[in-house]
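Report on one structure; see the data block that follows.
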Amino acid sequence: MNPRTIAAARAAAGALALGGLLAGCAGSSADAGPGGGDNRFIGGDGNVQRIAASARASTPSASGKTLEGEDLALSSFKGKVTVVNFWASWCAPCRGEAPSLEQVYGQNKAEGVQFVGVDFKDAAENAKAFQRKFKVTYPSFFDADGQIGLAFRDVPPNAIPSTLVLDRQGRVAARIIGATTFSKLNPLVTEVLAEK
C-alpha cells in the first residue's frame, strides 16, 4: 500500500476505536455519560501491553486546553517519561484508580515523570469536582469532543479508563486498557525510566 492509503487506514482505525468508546457496553447508571447519556465506558480488563522500543510508532501530537482553560501541548513533555490517563467523572473505574494514579505520580515526579489526564466526553464542572475530590495534582486536557484521543491512533486507548506510558521521545511504550493500580503502573513507569 502507498503511504497515503496507510495513513488513511490508520486514521479510520483510530476514529473507529474512539467511536467504540462511545458505543459503550452494558453498565449501571453510574457508568453513564454526562446527564445519563449514551457515553458509557467500554470496560477493559486491565491487561498491560508493552511495546518494544524498535516497534514504537511516532510521537502522538496532541494539544488543547486544560480543565482550567490553559493551553497544553503533549510535546512540551518531550524528554520526560509521560503517563497519559484517559478518564471521565462519570466512569466508576476511573474513580477507583484515581488514588493509585496520584500515588504513582507523587512517587516519580522528582525523577522527571510527568502525568497528564485526558478528560473524555465530560462536563467541565463534574470533571473539576472529580479532581478536587481525588486530589489530582497533574493537569488534564478537557477533551469534550474526543479530539485528543484521535491523536493516539497508532496505539488507541480503546476504553475509559486507559493509561498510556510514553518514553522520553514521546512514543507509546506501554498501554493499560481498563483501570490500573499502583502495583501495575509503577513498575511500568520504572521500566521506561530505566531506558537509555
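Predicted model only: the values in this text are computed from it and were never measured. FYI, side chains are in, hydrogens and waters are out, and symmetry mates aren't considered; it's all heavy atoms of this structure.
Here the straight-line distance linking atom CD of Glu102 with atom CZ of Phe134 works out to 12.0 Å at 0.5 Å rounding. One finds the CD atom of Gln103 at 4.5 Å from the CZ atom of Phe182 (value rounded to the nearest 0.5 Å). Distance CG/Leu188 to CZ/Arg175: 13.0 Å, rounded to 0.5 Å. Distance NZ/Lys184 to OG/Ser100: 10.5 Å, rounded to 0.5 Å. To the nearest 0.5 angstrom, Asp167 atom CG is 15.0 Å from Lys80 atom NZ.
Contact check for Ile51 versus Gln49: side-chain heavy atoms found under the 4.5 Å cut-off. Contact check for Val192 versus Arg168: no side-chain heavy atoms found under the 4.5 Å cut-off. Using a 4.5 Å cut-off on side-chain heavy atoms (C-beta onward), Ile160 and Cys94 make contact. Using a 4.5 Å heavy-atom threshold, the side chains of Val116 and Val83 count as separate. Between Phe130 and Leu67, every side-chain heavy-atom pair lies at or beyond the 4.5 Å cut-off. Contact of the Asn47 side chain with the Ile176 side chain is not registered, since no non-hydrogen atoms from C-beta on lie closer than 4.5 Å. The closest side-chain heavy-atom distance from Arg50 to Glu191 is below 4.5 Å. Two residues are said to be in side-chain contact when any heavy atoms from C-beta on lie closer than 4.5 Å; Val113 and Gln107 fail this criterion.
Among all heavy-atom pairs drawn from Asp71 and Lys65, the shortest one is OD1-NZ, 2.8 Å. The two atoms that bring Ala151 and Ser61 nearest to each other are CB-O, 3.1 Å, heavy atoms only.
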Between Asp143 and Lys121, does a salt bridge (charged side-chain N to carboxylate O under 4.0 Å, His left out) hold up when you go through it step by step? CA-CA 6 Å; Asp143 195 25; Lys121 296 283 184 179; over 6 Å; no
| said: Does Lys128 form a salt bridge (charged side-chain N to carboxylate O under 4.0 Å, His left out) with Glu68? I'd like the steps, not just the answer. | reply: CA-CA 8 Å; Lys128 289 176 186 177; Glu68 291 73 32; over 6 Å; no
Could you please spell out the steps behind the salt bridge (charged side-chain N to carboxylate O under 4.0 Å, His left out) verdict for Glu195 and Arg56?
-> CA-CA 14 Å; Glu195 294 178 356; Arg56 293 176 191 164; 2.7 Å; yes
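Residues Phe120 and Phe141 keep their aromatic ring centres 6.0 Å or farther apart.
The closest side-chain donor-acceptor pair between Asp119 and Ser140, if any, does not fall under 3.5 angstrom. Side-chain atoms of Asn85 and Glu97 include a donor-acceptor pair closer than 3.5 Å. Side-chain N/O atoms of Thr163 and Trp87 include no donor and acceptor closer than 3.5 Å.
Asn108 places no side-chain N or O within donor-acceptor distance of the main-chain N or O of Glu111, the cut-off being under 3.5 Å. Using a distance-only test at 3.5 Å, with no hydrogens or angles considered, no donor-acceptor pair links the side chain of Arg171 to the main chain of Pro60. Judged purely by atom type and a 3.5 angstrom limit, Asp122 uses its side chain to pair as donor or acceptor with the backbone of Ser89.
Partners of Tyr138 by ring-ring contact (aromatic ring centres under 6.0 Å, His included), not counting sequence neighbours, listed by chain and number: Tyr105, Phe115.
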